[in-house]
Amino acid sequence: MLEEAMTVIAEQGLAPLTMSALAERLGTSGGHILYYFGSKDRLLLEALRWSEAALTEERRALLTRRTAAERRLDQFLELYLPRGPRDPRWMLWIELWARTQANEELRQAQEELDQGWQRDLQALLAQGVDRGRLAADLDVPARTRELLALLDGLSIQVVLGRRDEDRGRALASARAAAERLVPRA
C-alpha cells in the first residue's frame with residue numbers, strides 16, 4: 001500500500017491521493033485502507049517513514065565508510081536532496097510540515113525523522129574533526145543546523161520545479177556552502 005501511495009504521489013501529486021483512489025488502484029476498498037491507517041494523515045506519515053527507512057540505512061552506512069570526511073559529506077548532500085521535481089519523498093515532507101501545527105502525532109514524527117538526519121550529519125562532522133580532516137574548532141552542532149536548513153530550502157526549490165533550480169544546481173550550491181561552512185583542517 002505504501003509503495004503504491006508513493007507511486008501515486010510521484011505520478012499525480014498529493015491532491016489526487018484519496019483513500020478511495022488508492023483503494024481502487026490496489027483493487028481493494030477504502031475501508032480496508034482505513035483499517036490499517038485510520039486517516040490520510042496516518043497514511044502519509046507511514047509512507048514517509050517507509051521511504052525514510054531506506055535512507056536511514058544509507059546514511060548509517062556513510063558513517064562507517066573508510067573514506068575522507070569531505071567525501072562522506074558530499075555523499076550525504078547527494079542523499080539528502082530530492083531526485084527532481086515532484087520527488088514523492090519530498091512532497092510528503094512538505095505536506096507533513098504543513099500539517100504538524102494541527103496534529104501532535106505528525107509533529108512528533110516529524111521531529112523524530114528530522115533528528116535522525118541531524119544526528120547522522122553531526123556524527124559525520126564530528127568524525128571528521130576527530131580524525132583531523134576538518135577544522136578542530138568546528139562548531140559541529142551549529143554547522144549541522146545551518147547545513148540542514150540550507151538543504152531544506154534548496155530541496156523545496158527543486159521539488160517545486162523552479163526554472164532556475166534543479167538537482168544539479170542545488171547540489172552545486174550545497175557543495176559550495178559546505179566548503180564555506182565546514183573548513184578542512
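As the structure is a prediction and not an experimental result, all values here were calculated from the model. Scope of the values below: all heavy atoms of this structure, side chains included, with no hydrogens, waters or symmetry mates.
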**Student:** Looking at every non-hydrogen atom in both residues, tell me the closest pair between A47 and L2 and how far apart they are.
**Tutor:** N-CD2, 3.6 Å
**Student:** Could you give the distance from OG (S51) to CD1 (I9), rounded to the nearest 0.5 Å?
**Tutor:**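 Going from the OG atom of S51 to the CD1 atom of I9 covers 8.5 Å.
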**Student:** Rounded to the nearest 0.5 Å, what separation is found between the CD atom of E11 and the CG atom of L17?
**Tutor:** 11.0 Å
**Student:** Does the pair I33 and L26 meet the rule for a side chain to side chain contact (heavy atoms under 4.5 Å, CB included), with working shown?
**Tutor:** CA-CA 10 Å; I33 294 173; L26 291 168; 4.2 Å; yes
**Student:** Quick check: do L154 and Y80 have side-chain heavy atoms less than 4.5 Å from each other?
**Tutor:** no
**Student:** Rounded to the nearest 0.5 Å, what separates atom CD in Q127 from atom CZ in R131?
**Tutor:** 4.5 Å
**Student:** Assess whether side chain to side chain contact (heavy atoms under 4.5 Å, CB included) is satisfied between W97 and I156, documenting all intermediate values.
**Tutor:** CA-CA 12 Å; W97 289 333; I156 291 167; 3.7 Å; yes
**Student:** Looking only at atom types and distance, does a side-chain atom of E165 sit under 3.5 Å from a main-chain N or O of A170, one as donor and one as acceptor?
**Tutor:**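 Side chain of E165 to backbone of A170, a donor-acceptor pair under 3.5 Å: yes, one is there.
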**Student:** Considering residues at least two apart in sequence or located in another chain, which fulfil the side-chain hydrogen bond (donor to acceptor under 3.5 Å, both in side chains) criterion with N103?
**Tutor:** D41
**Student:** Indicate the atoms forming the closest heavy-atom contact of L113 with L48, along with that distance.
**Tutor:** CD1-CD2, 3.8 Å
**Student:** List the atom of R72, the atom of L124, and the distance in Å for their closest heavy-atom pair.
**Tutor:**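 Here R72 and L124 meet closest at O-CD1, 3.7 Å.
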**Student:** Could you tell me if the side chain of D152 sits less than 4.5 Å from the side chain of W90, heavy atoms only?
**Tutor:** yes
**Student:** Is the shortest heavy-atom distance from the side chain of W93 to the side chain of D114 under 4.5 Å?
**Tutor:** yes
**Student:** Relative to the ring of H32, is the ring of Y36 parallel (under 30°), tilted (30 to 60°) or perpendicular (over 60°)?
**Tutor:**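 Perpendicular, since the angle between the ring planes exceeds 60°.
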**Student:** Can you check whether E3's main-chain N or O pairs, donor with acceptor, with T7's side chain at less than 3.5 Å?
**Tutor:** yes
**Student:** Does the distance from a Lys or Arg side-chain N to an Asp or Glu carboxylate O, for E95 and K40, drop under 4.0 Å?
**Tutor:**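 Salt bridge absent between E95 and K40.
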**Student:** Tell me, with the steps shown, if L181 and L147 meet side chain to side chain contact (heavy atoms under 4.5 Å, CB included).
**Tutor:** CA-CA 8 Å; L181 291 170; L147 279 171; 3.8 Å; yes
**Student:** Restricting to non-hydrogen atoms, name the atom on L73 and the atom on A178 that form the minimum distance, rounded to 0.1 Å.
**Tutor:**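 Looking at all heavy atoms of both residues, the closest pair is CD2-CB, 3.9 Å.
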**Student:** Taking only residues two or more places apart in sequence or in another chain, which ones pass side-chain contact (heavy atoms from CB on, under 4.5 Å) with L34?
**Tutor:**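 Testing L34 for side-chain contact (heavy atoms from CB on, under 4.5 Å), a comparison that skips the adjacent residues, returns M19.
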**Student:** Starting from L151, can I reach V158 by hopping between I/L/V/M/F/W/Y residues whose side chains sit under 4.5 Å apart?
**Tutor:** no
**Student:** Kindly check if the number of other-residue, nucleotide or ligand heavy atoms within 6.0 Å of CZ (R175) is above 12?
**Tutor:**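 Enclosed.
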**Student:** Of R59, E58, R65, which is the lone residue that meets side chain to side chain donor-acceptor pair (under 3.5 Å) with Q75?
**Tutor:** R65
**Student:** Hey, are D164 and R169 close enough for a salt bridge, meaning a charged N less than 4.0 Å from a carboxylate O?
**Tutor:** no
**Student:** Which residues pass the side-chain contact (heavy atoms from CB on, under 4.5 Å) test with D139, sequence neighbours left out?
**Tutor:**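 D139 satisfies side-chain contact (heavy atoms from CB on, under 4.5 Å) with P141, A142, R143 once adjacent residues are dropped.
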**Student:** Report yes if some heavy atom in the side chain of V159 is under 4.5 Å from a heavy atom in the side chain of R86; otherwise report no.
**Tutor:** no
**Student:** Any side-chain heavy atom of L45 within less than 4.5 Å of one from R49?
**Tutor:**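 Yes, their side chains come closer than 4.5 Å.
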**Student:** How many angstroms lie between atom OG of S173 and atom CG of L150, to the nearest 0.5 angstrom?
**Tutor:** 7.5 Å
**Student:** Tell me, with the steps shown, if E146 and R180 meet salt bridge (Lys or Arg N to Asp or Glu O under 4.0 Å).
**Tutor:** CA-CA 11 Å; E146 291 166 359; R180 288 188 300 275; over 6 Å; no
**Student:** The criterion is side-chain contact (heavy atoms from CB on, under 4.5 Å); which residues satisfy it with Q118, sequence neighbours excluded?
**Tutor:** Q122, T144, R145, L148
**Student:** With heavy-atom distances below 4.5 Å as the criterion, would you say the side chains of V129 and D137 are in contact?
**Tutor:**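 Side chain of V129 against side chain of D137, heavy atoms only: no contact under 4.5 Å found.
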**Student:** In this structure, are over 12 heavy atoms from other groups packed under 6.0 Å from Q12 atom CD?
**Tutor:** yes
**Student:** Would you call R107 and E104 a salt bridge, using N to O less than 4.0 angstrom?
**Tutor:** yes
**Student:** Closest approach of R71 and D74, non-hydrogen atoms and distance?
**Tutor:**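 Closest approach of R71 to D74: NH1-OD2, 3.0 Å.
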**Student:** Is there side-chain contact between W117 and L55, with at least one heavy-atom pair below 4.5 Å?
**Tutor:**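 Yes, side chains in contact.
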**Student:** Mind checking whether R184 and E179 have side chains closer than 4.5 Å, heavy atoms only?
**Tutor:**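 R184 vs E179: side chains touch.
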**Student:** With sequence neighbours excluded, tell me which residues meet ring-ring contact (aromatic ring centres under 6.0 Å, His included) with F37.
**Tutor:** none
**Student:** Apply side-chain contact (heavy atoms from CB on, under 4.5 Å) to A172 and list each qualifying residue two or more places apart in sequence or on a separate chain.
**Tutor:**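 So A172 forms no side-chain contact (heavy atoms from CB on, under 4.5 Å) with any residue.
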**Student:** Mind listing the closest non-hydrogen atom pair of A23 and S29 along with its distance?
**Tutor:** CB-C, 3.3 Å
**Student:** For the atom pair CG (D166) and CD (Q157), what is the distance rounded to the nearest 0.5 Å?
**Tutor:** 12.0 Å
**Student:** Enter the distance from M91:CE to L44:CG here, rounded to the nearest 0.5 Å.
**Tutor:**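 These two atoms lie 10.5 Å from each other.
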**Student:** If only atom types and distance count, is the side chain of R83 paired as donor or acceptor with the main-chain N or O of R167 below 3.5 Å?
**Tutor:**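 Absent.
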